[in-house]
Amino acid sequence: MEDFLTQLTSKYNFWAYIVLMMVGLYAMIAKGNLIKKLIGLSIFQTAIMLFYVAIGSKAGATIPILRDHTLKGVIDFVEYINPLPHVLMLTAIVVSVATLGVALALVLRVYDVHQTLEEDEILEKIKNP
Amino acid sequence: MKKTALLAVILTGALLILSMENFPSWGDVQSPASLHLSRHFIEKSYEQTLTPNLVTAVLGDYRGFDTMLETVVVFTAALACFLVIRLPRDVCTPGLFYYRHTRTGLVVRKHDACELPGENPTFERVDSDWPPHDVVVVSTCRMVIPFIQLFGLYVVAHGHYSPGGGFQGGVIFAASYVLLAVSHDLRTLVHRLNERVTHLLSAAGVLLFFGVGLFGMAMGLNFLDYGALEGVLGMSLASGHSLGILLVEIGVGMTVTAALVIIFKLLSSRGTVTEGL
């Protein structure tokens, strides 16, 4: 138990990601407005991105761009952080923007048809047209 | 409903917090993520690809297939956006067609027609909530936009040596066009970069990526094996890989620029591409 509590306090950065993820998830499930759901989705994505970048962190290391690229010296892997999380997240950010665009397009169509963005009102209109 | 949602969210959060002891602590040198593949990338990728920016090397070379499909995702997103909200060009919405007489400043709207017949120099098309263009905003943006575009091209081209690459440079380039549309109006953007160009550009980027992959196959190697570029222009194997990464990044940049401009044009004009923000 003591161990567990020290774990919880020493890995404080994960608290932020988990709380952000919970906020996003709650907005996606509980909010009735479609735009608010999309905002929740974006918050959720931000939490995942922060999580990945945190996994890539390494004490005493710098960004994965070689300082001296003449191949003369030996490249010490302790000096550079893992490039993989950065690669995954930089594509994820652009793809999330693109998918957000599609989602907003769909929301626009929904608004054109039903004149509202509230989920319960849309369901009502579909049931009793 | 709200209580169920809250319960589910708290349950998920609690499970994650319980499993937190399996996560590496901040900056842990011994974390699994920093030990296995990362070591290979850092030590070997410069001699294999001649690319000091390891992120670009991993993105364009080791994970080339993944990046290709990410590009396809961006292209498909733009296509889906187009198919979902683009109105047919011949649909006439008279509320969107206002003309201003340039000499007198009178704004007219025809109820029954949209386009004025022929070229008419005495009338100019204006937005329905036409705010006169602010001189300061317009001229500042006119000065700043070329530099933003130059910076975008630099970020694409210099992605091997500094933070950057196709995705980032493409987004910066698209941002310059968004700035053009916001500071002037959407028609200025469409006049500079019409829909045909953006659609062709987004497809051409994906095709460039596939083309580099197919070139590898044509030379008898695997798909996306940049070793095929060895010997082109007398290049060594490693600089062939470097050239391959550059070509692929240019393709990514083209697709991202075009896709984001398409999405902005469609969303800001609700699918009419005549009048936006």
Side-chain angles (χ1 to χ4, degrees), chain A residues 3-4 7-8 10-15 17-19 21-23 25-26 29-30 51 54-61 63-69 71 74-88 90-95 97-102 104-106 108-109 112, chain B residues 1-2 4-6 8-10 12-13 16-17 20-21 23-29 31 33-34 37-39 41-43 45-47 50 52-55 57-59 63 66-67 70 73-74 77-78 80-81 84-85 161-163 165 167-168 170-171 256 259-260 263-264 266-267 270-271:
Chain A
D3 250 19
F4 182 68
Q7 288 278 353
L8 283 194
S10 66
K11 295 177 183 175
Y12 51 86
N13 56 320
F14 289 106
W15 281 97
Y17 319 141
I18 291 172
V19 168
M21 193 216 76
M22 285 164 73
V23 170
L25 194 62
Y26 180 77
I29 300 173
F51 174 72
I55 292 286
S57 74
K58 190 153 92 180
I63 54 168
I65 296 173
L66 302 181
R67 237 179 269 121
D68 167 39
H69 47 82
L71 269 188
V74 179
I75 301 165
D76 190 3
F77 93 103
V78 179
E79 283 179 37
Y80 300 101
I81 60 174
N82 185 4
L84 194 59
H86 295 253
V87 172
L88 295 177
L90 93 85
T91 52
I93 290 168
V94 177
V95 169
V97 170
T99 48
L100 187 67
V102 177
L104 285 174
L106 289 170
L108 262 180
R109 289 296 295 162
D112 281 346
Chain B
M1 178 62 199
K2 297 224 157 151
T4 332
L6 197 62
V9 167
I10 287 174
T12 319
L16 281 173
I17 286 168
M20 216 157 84
E21 64 174 324
F23 297 160
S25 53
W26 178 263
D28 186 5
V29 183
S31 77
S34 316
L37 206 52
S38 148
R39 180 164 190 165
F41 285 149
I42 292 166
E43 288 179 348
S45 82
Y46 185 71
E47 75 184 69
L50 274 185
N53 186 352
L54 305 178
V55 175
V58 175
L59 181 87
R63 295 183 67 88
D66 176 55
T67 310
E70 301 267 11
V73 168
V74 175
C81 215
V84 168
I85 56 172
Y161 298 95
S162 61
F167 284 99
Q168 299 93 318
V171 170
V256 169
L260 291 184
I263 291 174
F264 173 78
L266 289 169
L267 284 181
R270 310 197 67 183

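It should be emphasised that the depicted structure is a prediction, and the values quoted were computed from it without experimental measurement. In what follows, chains are A, B, ... by sequence order, proteins preceding strands, each numbered from 1.
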_For R63(B) versus L88(A), what's the shortest heavy-atom pair and its separation?_
NH2-CD2, 3.5 Å
*Measure I93(A) against the heavy atoms of chain B and call it side chain, backbone, both or neither at under 4.5 Å.*
neither
_Residue Y12(A) versus chain B: region with a heavy atom under 4.5 Å_ = neither
_Less than 4.5 Å to any heavy atom of chain A: does that hold for the side chain of L260(B), its backbone, both, or neither?_
side chain
_With sequence neighbours excluded, residues passing side-chain hydrogen bond (donor to acceptor under 3.5 Å, both in side chains) with T12(B)_ = none
*If you count heavy-atom pairs under 4.5 Å with chain B, which of I18(A), V102(A), L25(A) comes out on top?*
I18(A)
*In terms of heavy-atom proximity below 4.5 Å to chain A, should A33(B) be classed as side chain, backbone, both, or neither?*
both
*Heavy-atom distances under 4.5 Å only: say whether N53(B) touches chain A with side chain, backbone, both or neither.*
both
*Please state whether the side chain, the backbone, both or neither of V55(B) comes within less than 4.5 Å of a heavy atom of chain A.*
both
*Greatest number of heavy atom pairs closer than 4.5 Å to chain B - which of Y17(A), Y26(A), F51(A)*: Y26(A)
*Is there a side chain to side chain contact (heavy atoms under 4.5 Å, CB included) between I17(B) and W15(A) once you walk through the steps?*
CA-CA 8 Å; I17(B) 286 168; W15(A) 281 97; 3.3 Å; yes
_Which atom of L267(B) lies closest to which atom of A105(A), heavy atoms considered_ = CD2-N, 3.6 Å
*Distance from T67(B) atom OG1 to L90(A) atom CG, nearest 0.5 Å?*
8.0 Å
_Heavy-atom pair of closest approach, residues F23(B) and K11(A)_ = O-NZ, 2.5 Å
*Looking only at heavy atoms, what is the nearest atom pair of S34(B) and F77(A), with distance?*
O-CE1, 3.6 Å
*May I ask you to name which of V78(A), D76(A), L108(A) has the most heavy-atom pairs under 4.5 Å with chain B?*
L108(A)
*Which atoms of V84(B) come close to chain A, meaning under 4.5 Å heavy atom to heavy atom: side chain ones, backbone ones, both, or neither?*
both
*asked:* Below 4.5 Å, heavy-atom pairs only: which of G101(A), A59(A), A98(A), S57(A) has the largest tally toward chain B?
replied: S57(A)
_V73(B) versus chain A, the contacting section by heavy-atom distance below 4.5 Å_ = side chain
*Against chain A, work out which of L37(B), I263(B), I10(B), L6(B) has the most heavy-atom pairs shorter than 4.5 Å and name it.*
L6(B)
*Nearest heavy atoms of I65(A) and Y161(B), plus distance in Å*: CG2-O, 3.8 Å
*For I42(B) and Y80(A), work out which heavy atoms get closest and say how close.*
CD1-O, 3.4 Å
*At a heavy-atom separation under 4.5 Å, does M22(A) approach chain B through its side chain, its backbone, both, or neither?*
both
*Part of L54(B) within contact of chain A (heavy atom distance under 4.5 Å)*: both
*Would you mind checking which part of T4(B) comes under 4.5 Å of any heavy atom in chain A, side chain (CB onward), backbone (N, CA, C, O), both or neither?*
neither
